[in-house]
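The next block holds one structure in the form of structure tokens; read it before the comments.
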Amino acid sequence: MALVLVAGGASAQAVTGARYDEPTTRYAHGVLGDAVEWGALVLTLGDGSARRIVLPETRVFEDLEPRLWDVTGDGLPEVVTVESDLRLGARLAIWGAEGLIAATPFIGQTNRWLAPVGAADLDGDGRIEIAYVDRPHLAKTLRVWRLEGDALREVASATGLSNHRIGWDFIIGGIRDCGAGAEMLVASGDWASVMAVRFDGVLRARSLVPYSETAVAAALACQ
């Protein structure tokens with residue numbers, strides 16, 4: 001279990017910032033281009049105080065940076081991270097000022113990772129969905145989850161999609177709304193096309209243009 005350390009005796013309140021700390025080489029996967037991951041997450045709260053979440057020695061944050069995404073729909077951000085266990089691989093974990101809110105199951109095998117896509121009301125029903133690509137180099141499976149109470153429930157998945165290549169220190173794509181509702185942007189599993197994926201109870205993917213990083217950026221900007 002992660003240890004939450006409170007600075008300044010702060011009570012539960014909004015998170016206004018987050019960063020990783022305590023670089024570590026105890027998990028030598030290197031999927032993001034180097035062997036350095038993170039052992040701690042530092043949250044900044046609305047009153048300027050901080051909370052430090054320290055992972056056990058068997059886990060790391062195998063990630064680029066924590067994401068401030070509203071996953072509850074209350075207008076305030078939670079902190080979304082990729083957390084990896086040395087034996088069980090990665091999971092998506094959501095944190096708040098009091099600690100862990102919810103997490104997906106670990107993938108189940110060491111050196112197996114996931115790449116977040118985004119969080120939004122994807123189907124227009126007023127509830128927030130959270131998306132990531134499970135094993136973008138192997139399984140290439142887009143998974144969509146929803147926070148229900150204190151647990152995450154998977155609501156859809158589709159194969160043949162990716163958003164990261166081994167060694168990249170970035171993740172491509174995200175979520176856009178060009179006036180007709182939210183859709184996810186990723187790449188086809190063979191990296192031939194930029195793909196737009198909608199969720200209306202099921203995932204529906206369509207090819208937009210041939211893949212390039214420039215084409216992804218233009219698509220995100222609705223160009």
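When reading the values below, keep in mind they use all heavy atoms of this one structure, side chains included, and skip hydrogens, waters and symmetry mates. All values reported here derive from a predicted model rather than from experimental measurement.
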Would you compute the distance between atom CZ of Arg206 and atom CZ of Arg198 and round it to the nearest 0.5 angstrom? 6.0 Å

When you measure from the side chain of Ser162 to the backbone N and O of Pro136, does any donor-acceptor pair fall under 3.5 Å? yes

According to a 4.5 Å side-chain heavy-atom criterion applied to Ile, Leu, Val, Met, Phe, Trp and Tyr, with indirect links allowed, do Tyr132 and Phe106 form part of one hydrophobic cluster? no

Looking at Arg91, is its backbone amide N or carbonyl O close enough to the side chain of Glu83 to form a donor-acceptor pair, meaning the two atoms are under 3.5 Å apart? no

Could you check whether any side-chain N or O of Thr44 sits under 3.5 Å from a backbone N or O of Gly48, counting only pairs where one atom can act as donor and the other as acceptor? no

With a 4.5 Å limit on heavy-atom distance, are the side chains of Leu100 and Ile94 in contact? no

Which heavy atom in Phe61 sits nearest to a heavy atom in Ile53, and how many Å separate them? CE1-O, 4.4 Å

Donor-acceptor contact present, side-chain Glu129 to main-chain Val144, <3.5 Å: no

For residues Ile172 and Val194: do they belong to one hydrophobic cluster (side chain heavy atoms under 4.5 Å, members Ile, Leu, Val, Met, Phe, Trp, Tyr)? yes

Check against side-chain contact (heavy atoms from CB on, under 4.5 Å), Val15 and Leu76: CA-CA 8 Å; Val15 176; Leu76 298 174; over 6 Å; no

Full working for side-chain contact (heavy atoms from CB on, under 4.5 Å) between Leu203 and Met184: CA-CA 10 Å; Leu203 291 171; Met184 295 166 279; 3.7 Å; yes

Linking I/L/V/M/F/W/Y whenever any side-chain heavy atoms sit under 4.5 Å apart, do Val117 and Ile130 land together? no

Would you check if the side chain of Lys140 reaches a backbone N or O of Thr159 as a donor-acceptor pair within less than 3.5 Å? no

Heavy-atom closest pair (Ala119 atom, Ile128 atom, distance to 0.1 Å) is CB-CG2, 4.1 Å

Would you say the side-chain atoms of Arg146 pair up with the backbone N or O of Arg153, donor to acceptor, closer than 3.5 Å? no

Given 3.5 Å as the limit, does a donor-acceptor pair link the side chain of Gln13 with the main chain of Asp47, or not? yes

Check whether any side-chain heavy atom of Ile171 lies under 4.5 Å from a side-chain heavy atom of Pro116, and answer yes or no. yes

Return the minimal non-hydrogen interatomic distance between Ala182 and Asp121, and the atom names on each side. CB-O, 4.0 Å

Residues Arg127 and Asp123 bridged, charged N to O under 4.0 Å: no

CD-CG distance between Glu78 and Leu147, expressed to the nearest 0.5 angstrom: 8.0 Å

Is the backbone of Val186 close enough, under 3.5 Å, to the side chain of Asn163 for a donor and an acceptor to pair up by distance? no

Please check: side-chain N/O of Thr104 versus main-chain N/O of Leu92, any donor-acceptor pairing under 3.5 Å? yes

Thr141 and Ser157 have their tightest heavy-atom pair at CG2-CB, 4.1 Å

Looking at Val82 and Tyr20, what are the two nearest heavy atoms and their distance? N-OH, 4.0 Å

When you group the ILVMFWY residues by side-chain heavy-atom contacts below 4.5 Å and let the links chain together, are Leu152 and Trp69 in the same group? yes

Determine all donor-acceptor pairs shorter than 3.5 Å in which one atom belongs to a side chain in residues 214-223; sequence neighbours excluded.
none

Quick one: are the ring centres of Trp168 and Trp191 less than 6.0 Å apart? yes

Near Asp150 CG, under 6.0 Å, is it more than 12 heavy atoms from other residues, nucleotides or ligands? no

Minimum heavy-atom distance Ala50-Val42, with the two atoms named: CB-CG1, 4.3 Å

Calculate, to the nearest 0.5 Å, the distance between atoms CG and OG1 belonging to Leu68 and Thr16 respectively. 8.0 Å

State the CG-CH2 distance between Leu138 and Trp113, to the nearest 0.5 angstrom. 12.0 Å

If you round to the nearest 0.5 Å, how far is CG of Leu161 from CE of Met195? 6.0 Å

For side-chain contact (heavy atoms from CB on, under 4.5 Å), just list the numbers for Val79 and Arg67, CA-CA rounded to whole Å, side-chain angles, deciding distance to a tenth of an Å, and then say yes or no. CA-CA 5 Å; Val79 181; Arg67 300 151 193 84; over 6 Å; no

Between His137 and His164, is a side-chain contact (heavy atoms from CB on, under 4.5 Å) present by the stated rule, with each step listed? CA-CA 7 Å; His137 325 113; His164 184 266; 2.8 Å; yes

Spacing of Leu43 atom CG and Glu98 atom CD [to the nearest 0.5 Å]: 10.5 Å

Establish whether Trp145 and Val71 are linked, either directly or via other cluster members, by ILVMFWY side-chain heavy-atom contacts under 4.5 Å. yes

Identify every side-chain donor-acceptor pair in residues 21-33 under 3.5 Å, counting partners at least two apart or on other chains, and give the distances.
residue	atom	partner	partner atom	Å
Asp21	OD2	Arg52	NH1	2.9
Asp21	OD2	Arg52	NH2	2.9
Glu22	OE2	Arg52	NH1	3.4
Thr24	OG1	Arg26	N	3.1
Arg26	NE	Glu57	O	3.2
Arg26	NE	Arg59	O	3.1
Arg26	NH2	Pro56	O	3.3
Arg26	NH2	Arg59	O	2.6
Tyr27	OH	Asn111	N	2.7
His29	ND1	Glu62	OE2	2.6
His29	NE2	Asn111	O	3.3

Can you tell whether the side chains of Glu65 and Arg19 come within less than 4.0 Å, N to carboxylate O? no

Polar side-chain atom of Thr110 near backbone of Gly89 as donor-acceptor pair, under 3.5 Å: no

